[in-house]
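To find a chain, count down the sequence lines: A is the first, B the second, and so on, and within it residues start at 1.
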Amino acid sequence: MARWWLMKSEPDAYSWDDLVAEGEGTWDGVRNHRAANNLRAMELGDQAFFYHSNIGLEIVGIVTISVAGLTDPTDPEGKWAAVKVKPLRKLAKPVTLKQIKALPELADMELVRLSRLSVAELRPDEWKKILSLSEG
DNA sequence: GCCAACGTTGGC
DNA sequence: GCCAACGTTGGC
């Protein structure tokens, strides 16, 4: 069964536009066990929100998992996980962290509860709610 | 620039 | 195996 995710990136380091320019990006360098477990649970075709941390603080687009179950190429020991993603579409309107925090039904999100988690899972209802926000 | 939340490290 | 100290992340 498909699942829904949220992946954070600092736009300074790797932005949505960078991903679009590349066409496909490898999501590696994750060194947190919970985030790594989420990476391992991703399946081909799963969708994820692309969130700009630090600058922007908003969800800017949707990506799809184009390759799942990779070993992180930046890990010499080969213990950590990675995936590849492709941009699917940009949101009509970015959804800000502020908007998310303002809604009680989204207060349970890993993004809110565990602000430092770089790869988070969303429930289907959370995914839908955010999509509806992006459509204004 | 500050601080809270975590994760990791190292002394015991 | 505990816990204090420290480093990092990320929001404010």
Side-chain angles (χ1 to χ4, degrees):
Chain A
M1 188 191 84
R3 296 213 246 172
W4 291 270
W5 312 95
L6 181 143
M7 305 166 93
K8 287 190 197 179
S9 183
E10 297 187 24
D12 265 4
Y14 195 81
S15 71
W16 170 262
D17 289 340
D18 292 334
L19 176 63
V20 170
E22 274 192 357
E24 185 176 41
T26 303
W27 215 272
D28 54 24
V30 172
R31 294 294 181 271
N32 170 283
H33 288 289
R34 185 157 185 158
N37 282 341
N38 285 338
L39 285 178
R40 288 189 193 100
M42 289 178 177
E43 294 176 8
L44 183 69
D46 280 2
Q47 294 186 20
F49 286 128
F50 191 109
Y51 174 84
H52 278 172
S53 66
N54 248 316
I55 301 168
L57 308 186
E58 58 191 12
I59 297 168
V60 291
I62 299 175
V63 301
T64 186
I65 310 306
S66 53
V67 184
L70 288 175
T71 299
D72 188 336
T74 69
D75 172 20
E77 294 186 46
K79 289 189 305 185
W80 294 95
V83 297
K84 286 192 182 186
V85 300
K86 283 184 178 172
L88 210 55
R89 66 183 175 90
K90 201 168 180 170
L91 295 186
K93 286 198 304 183
V95 176
T96 66
L97 183 63
K98 211 173 191 177
Q99 285 176 279
I100 291 168
K101 284 192 166 174
L103 289 177
E105 60 263 51
L106 295 180
D108 212 30
M109 284 177 60
E110 283 187 338
L111 173 70
V112 177
R113 285 190 299 114
L114 304 169
S115 68
R116 288 181 52 194
L117 188 65
S118 59
V119 183
E121 182 169 11
L122 280 79
R123 297 195 309 253
D125 60 301
E126 293 166 341
W127 178 270
K128 282 180 200 153
K129 186 72 200 175
I130 290 171
L131 273 188
S132 74
L133 289 176
S134 77
E135 288 152 6

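- Residues from residues 48-57 of chain A with heavy atoms under 4.0 angstrom of DNA chain C, sorted by number: A:Tyr51, A:Ser53, A:Asn54, A:Leu57.
- A:Thr71 meets the side-chain hydrogen bond (donor to acceptor under 3.5 Å, both in side chains) test with no other residue; sequence neighbours excluded.
- Through chains of ILVMFWY side-chain contacts below 4.5 Å, A:Leu70 is grouped with A:Val67.
- Once you apply a 4.0 Å limit to the heavy atoms of chain A, the touched nucleotides of DNA chain B run 5' to 3' over B:dA5 to B:dG7.
- Applying the ring-ring contact (aromatic ring centres under 6.0 Å, His included) test to pairs two or more places apart or on separate chains, none has a residue in residues 82-121 of chain A.
- Applying the ring-ring contact (aromatic ring centres under 6.0 Å, His included) test to residues at least two apart or on different chains, the pairs with a partner in residues 64-88 of chain A are A:His33-A:Trp80.
- For A:Glu121, the side-chain hydrogen bond (donor to acceptor under 3.5 Å, both in side chains) partners at least two apart in sequence or on another chain are A:Arg3.
- Contacts between residues 97-118 of chain A and DNA chain B, defined by a heavy-atom separation below 4.0 Å, involve A:Arg113, A:Leu114, A:Arg116, listed by number.
- Ion pairing between a basic and an acidic side chain is recognised when a charged N comes within 4.0 Å of a carboxylate O; A:Asp108 and A:Arg123 show such pairing.
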Please table the atom pairs, donor to acceptor, closer than 3.5 Å between any side-chain atom in residues 95-106 of chain A and protein atoms at least two apart or in another chain.
unit_1	atom_1	unit_2	atom_2	d
A:Thr96	OG1	A:Gln99	N	3.1
A:Thr96	OG1	A:Gln99	OE1	3.4
A:Gln99	OE1	A:Thr96	N	2.9

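- Taking the side-chain hydrogen bond (donor to acceptor under 3.5 Å, both in side chains) definition, one finds that A:Glu110 meets it with A:Arg34, sequence neighbours left out.
- Listed by chain and residue number, A:Asn37 satisfy the side-chain hydrogen bond (donor to acceptor under 3.5 Å, both in side chains) test with A:Arg40 (two or more places apart in sequence, or in another chain).
- Other residues sharing the hydrophobic cluster of A:Tyr14, ordered by chain and number and joined by side-chain separations under 4.5 Å: A:Trp5, A:Met7, A:Trp16, A:Leu19, A:Val20, A:Trp27, A:Val30, A:Leu39, A:Met42, A:Phe50, A:Val60, A:Val63, A:Ile65, A:Val83, A:Val85, A:Val119.
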